[in-house]
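Note sheet for the following structure.
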Amino acid sequence: HGQAEHNALAAASGAAACGCKRGEADGRDTPQANCPYNADAAFDSPLTIAGREQARDLADTCAGLGVQLVVSSSLRRTIQTALHAFGDFIDEDLLEPVVLHDNLREQCGMHRCDQRRDTATIKAEFGARVDTDGLAPTDDMWTDQRESKDSVADRCEQFVNWLMEQPEDNIAVVAHHHILLVLLNCVIECGDGGGYYEGLMQPFKVGELRSMRVQVPTLEDQMDQEDEDLDAAPREPMTWQQIASWDTVPMEQEWGPPPPAPGWDHIPPKTTQRPQTADGESASGRVARVGEDGEIKTNDQKRQRTDAM
């Protein structure tokens with residue numbers, strides 16, 4: 001998404017960290033009132049003027065992508081970004097309304113910028129340009145405790161499984177820094193080819209667009225990957241602070257050595273477990289990986305979006 005009010009507030013504060021206390025002696029997080037992410041203006045923060053310009057700047061590029069479906073986090077800043085980039089196509093009935101999906105929300109809890117408004121308010125603001133059918137009436141995800149990395153990874157996996165069931169092949173996803181970082185370091189396997197593929201694993205800047213082709217591995221591919229995971233030496237997971245310190249490499253540059261090990265492979269169920277279908281049976285070919293042959297392949301018939309999110 002483009003720059004939002006909480007991004008601007010954090011930059012203006014000059015603070016190196018938000019100031020909220022995490023994992024204190026009693027194991028609980030303690031939000032701080034002076035944290036820029038908890039200011040009144042940060043609640044489900046909208047885009048700034050600069051953020052709206054960043055989103056509009058994407059429109060020309062998006063026009064040439066042949067997108068068939070737009071899916072966005074249900075937070076205000078991502079919805080606005082999606083509509084600035086694709087709104088003309090929706091208004092001309094060339095695209096369906098933007099589908100809002102709670103599993104694309106930023107790491108949730110503690111910060112008010114990651115708390116969404118109730119669904120009726122979202123619908124009242126954006127009207128027929130958004131599809132809110134998959135949302136609960138109120139925000140049942142946000143608490144005053146920060147969401148765990150395991151939970152973020154679970155949501156990413158659930159979203160990819162849902163995405164693979166959609167009948168469209170060319171889909172735009174509008175989301176957030178940490179959720180995209182988890183998606184491309186834990187759930188979608190970007191390979192070990194270096195260059196562009198390693199670049200995909202880097203953090204996103206505000207208003208940054210990346211394009212990739214995704215293919216679904218066969219059951220044999222997944223079993224081979226499981227064997228590799230079992231043979232690999234365990235690595236210490238990175239902290240959010242370490243991840244936040246990464247610099248995004250511009251996509252047009254050549255990448256040198258890969259970035260430090262992301263550490264997401266410390267969550268074995270996300271990289272080795274085959275996902276489940278709605279009826280509980282194992283479904284081969286759901287977890288996505290970036291392909292190099294320019295084709296989107298699947299060995300499983302996609303289902304309609306009427307399935308529950």
Side-chain angles (χ1 to χ4, degrees), residues 1-15 18-20 31-62 70-91 95 97-132 134-144 146-147 172-181 203-209 244:
H1 62 80
Q3 184 196 56
E5 290 291 346
H6 72 291
N7 301 128
L9 288 168
S13 73
C18 73
C20 296
Q32 300 295 304
N34 62 350
C35 169
Y37 299 143
N38 284 326
D40 288 342
F43 170 65
D44 198 2
S45 56
L47 295 179
T48 61
I49 294 175
R52 293 195 293 272
E53 291 175 353
Q54 290 166 344
R56 283 193 291 267
D57 287 343
L58 296 174
D60 287 343
T61 301
C62 292
V70 182
V71 187
S72 170
S73 156
S74 54
L75 292 177
R76 193 178 188 185
R77 54 193 181 268
T78 47
I79 301 172
Q80 290 178 323
T81 300
L83 291 175
H84 280 300
F86 294 99
D88 289 346
F89 295 95
I90 296 168
D91 295 340
L95 275 175
V98 176
V99 177
L100 305 187
H101 207 301
D102 267 340
N103 278 340
L104 279 178
R105 286 171 59 179
E106 183 59 290
Q107 184 189 17
C108 197
M110 190 166 68
H111 293 149
R112 296 187 69 214
C113 60
D114 301 322
Q115 183 179 12
R116 78 163 171 86
R117 299 166 299 163
D118 62 75
T119 302
T121 301
I122 295 172
K123 193 68 176 178
E125 178 175 357
F126 298 109
R129 304 176 93 198
V130 298
D131 179 351
T132 59
L135 302 183
T138 58
D139 185 357
D140 55 4
M141 291 174 57
W142 192 91
T143 71
D144 65 355
R146 197 65 171 157
E147 183 182 16
V173 174
V174 187
H176 308 264
H177 174 95
H178 284 128
I179 201 78
L180 291 169
L181 195 62
F204 278 68
K205 292 180 180 179
V206 291
E208 183 181 353
L209 170 68

Closest approach of [X] to [Y] (non-hydrogen atoms, all atoms of both residues):
{"X": "His84", "Y": "Ala55", "value": "CB-CB, 3.5 Å"}
{"X": "Thr48", "Y": "Ala8", "value": "CG2-CB, 4.0 Å"}
{"X": "His1", "Y": "Thr78", "value": "CB-CG2, 3.9 Å"}
{"X": "Asn38", "Y": "Cys20", "value": "ND2-SG, 3.7 Å"}
{"X": "Trp142", "Y": "Cys108", "value": "CA-SG, 3.5 Å"}
{"X": "Ala4", "Y": "Ser45", "value": "CB-OG, 3.7 Å"}

Can you tell me how far [atom2] of [Y] sits from [atom1] of [X], rounded to the nearest 0.5 angstrom?
{"X": "Cys62", "Y": "Leu209", "atom1": "SG", "atom2": "CG", "result": "5.5 Å"}
{"X": "Asp91", "Y": "Phe86", "atom1": "CG", "atom2": "CZ", "result": "13.5 Å"}
{"X": "Ile179", "Y": "Ser73", "atom1": "CD1", "atom2": "OG", "result": "8.5 Å"}
{"X": "Asp88", "Y": "Leu95", "atom1": "CG", "atom2": "CG", "result": "10.5 Å"}
{"X": "Thr81", "Y": "Arg56", "atom1": "OG1", "atom2": "CZ", "result": "11.0 Å"}
{"X": "Met141", "Y": "Ser74", "atom1": "CE", "atom2": "OG", "result": "7.0 Å"}

Decide yes or no for [X] and [Y]: does some side-chain heavy atom of the first lie under 4.5 Å from some side-chain heavy atom of the second?
{"X": "Asp102", "Y": "Arg116", "answer": "yes"}
{"X": "Asp139", "Y": "Arg105", "answer": "yes"}
{"X": "Glu106", "Y": "His111", "answer": "no"}
{"X": "Arg76", "Y": "Glu5", "answer": "no"}

Positive for side-chain hydrogen bond (donor to acceptor under 3.5 Å, both in side chains) with Arg112, one of Asp40, Asp44, Asp144: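 Exactly one candidate clears the test, Asp40.
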
Subject >> Qualifying residue, where the test is side chain to side chain contact (heavy atoms under 4.5 Å, CB included) with Val98 and the options are Leu83, Ile79, Val174 >> reply: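 When Leu83, Ile79, Val174 are each tested with Val98, the side chain to side chain contact (heavy atoms under 4.5 Å, CB included) holds only for Leu83.
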
Main chain of [Y], side chain of [X]: is a donor-acceptor contact present, judged purely on distance under 3.5 Å?
{"X": "Gln54", "Y": "Gln3", "value": "yes"}
{"X": "Lys123", "Y": "Asp118", "value": "no"}
{"X": "Thr119", "Y": "Ala136", "value": "yes"}
{"X": "Gln107", "Y": "Glu147", "value": "yes"}

**Asked** Would Arg77 and Asp114 pass as an ion pair if we require N to O under 4.0 Å?
**Response** yes

Run the side chain to side chain donor-acceptor pair (under 3.5 Å) test against Asp140 and tell me which residues pass, sequence neighbours left out.
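Testing Asp140 for side chain to side chain donor-acceptor pair (under 3.5 Å), a comparison that skips the adjacent residues, returns none.
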
